[in-house]
Trainee: 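Have a look at this one.
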Amino acid sequence: MASITKESLESKIKSILISEQEIQNAVVRAGEYINALYDGKPILLVSILKGAFIFMADVLRTVTVPCEIDFMVAKSYYSGTVSSGMVQITLDLTHDVKDYHIVILEDIVDTGRTLHDVVGLLKERNPLSLHVITLLDKPDRRVVEYTPDLSLFTIPDLFVIGYGLDYDEYYRNLPYIAEYGE
Ligand code: IMP
Ligand code: MG
């Protein structure tokens, strides 16, 4: 395998799709949505790792309602053409969600499998309410029917990197969202 260098990584950043400033404006919109929706009620912000950790850190600082945070790592397994899979939680929440209004923060909705399954699983635990905010949405790629409550950017069917999103674990540190490619 060729060794990874700064130059080899940079050569695959095709174009900037969403600037740092546009992301920050969207983060403010996410915070306004949460603050209006919950109007002072205590909430649990849940981020799905790893991709959504930067989005979570930024949205958290715009939230003015009483707020706790938690994290989960989830992978969905589907076989053939089935429209519902099995979600494997490799890191689970530390909170008992039945006492909380949950807001899930996700980096991107692609096939819809992860959120479809995570939302199904968390609803079985009877939270007071559950809403999902995604930074990015690729509706053209949907395999499982799933619509987030708030989607900040709808993008075409491209592979994107930056602001927490990776290709092969690299590029999470970019402050903008870019298209990845040769
Ligand atoms: P799903 O296909 O909707 O279940 O999305 C699963 C996960 O794939 C997302 O949470 C992302 O972590 C990852 N993913 C999907 N599309 C992209 C992309 O364009 N760039 C980086 N990660 C992606
Ligand atoms: Mg993700």
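Ligands are counted one by one from 1 in listed order, and the atoms in each one are counted from 1 as well. Only a predicted model underlies this, so the values are computations on that prediction, with no experimental measurement involved.
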Trainee: Among Val109, Thr114, Leu158, which one puts a heavy atom closest to atom 4 (O) of ligand 1?
Mentor: Thr114
Trainee: Is there a heavy atom of Lys50 sitting under 4.0 angstrom from any atom of ligand 1?
Mentor: no
Trainee: With nothing but distance in play, are any N or O atoms of Gly112 less than 3.5 Å from an N or O of ligand 1?
Mentor: yes
Trainee: For Arg113, counting its heavy atoms only, list the atoms of ligand 1 lying under 4.0 Å from any of them.
Mentor: 3 (O), 4 (O)
Trainee: For ligand 1, which part of Arg141 has a heavy atom less than 4.0 Å away: the side chain, the backbone, both, or neither?
Mentor: neither
Trainee: Name the orientation class of the two ring planes belonging to Tyr180 and Tyr167 (parallel below 30°, tilted from 30 to 60°, perpendicular beyond 60°).
Mentor: parallel
Trainee: Please say whether Phe159 places an N or O atom under 3.5 Å from an N or O atom belonging to ligand 1.
Mentor: no
Trainee: Among side-chain atoms of Asp149 and Tyr33, is any donor-acceptor pair under 3.5 angstrom?
Mentor: no
Trainee: With a 4.0 Å cut-off, would you call Arg125 and Asp99 a salt bridge?
Mentor: no
Trainee: Tell me whether Glu169 is salt-bridged to Lys50, with the criterion being a basic N under 4.0 Å from an acidic carboxylate O.
Mentor: yes
Trainee: Measuring from atom 13 (C) of ligand 1, which candidate in Ile108, Ile48, Asp137 has the nearest non-hydrogen atom?
Mentor: Ile108
Trainee: Side chains of Val103 and Leu130: closer than 4.5 Å at any heavy-atom pair?
Mentor: no
Trainee: Any nitrogen or oxygen of Thr111, side chain or backbone, less than 3.5 Å from one on ligand 1?
Mentor: yes
Trainee: Just which atoms of ligand 1 are under 4.0 Å from any heavy atom in Asp166?
Mentor: 21 (C)
Trainee: Start with the C-alpha distance between Lys12 and Asp168, add both sets of side-chain angles, then the distance that settles salt bridge (charged side-chain N to carboxylate O under 4.0 Å, His left out), and finish with yes or no.
Mentor: CA-CA 12 Å; Lys12 305 235 172 64; Asp168 214 7; over 6 Å; no
Trainee: If you take the centroid of each ring, where Trp contributes its six-membered ring, are Tyr176 and Tyr163 closer together than 6.0 Å?
Mentor: no
Trainee: Near Lys138, which atoms of ligand 1 are under 4.0 Å from a heavy atom of that residue?
Mentor: 16 (N), 17 (C), 18 (C), 19 (O)
Trainee: Considering only heavy atoms, does Leu165 approach ligand 1 within less than 4.0 Å through its side chain, its backbone, both, or neither?
Mentor: side chain
Trainee: Hey, does the side chain of Asp166 reach the backbone of Tyr171 with a donor-acceptor pair shorter than 3.5 angstrom?
Mentor: no
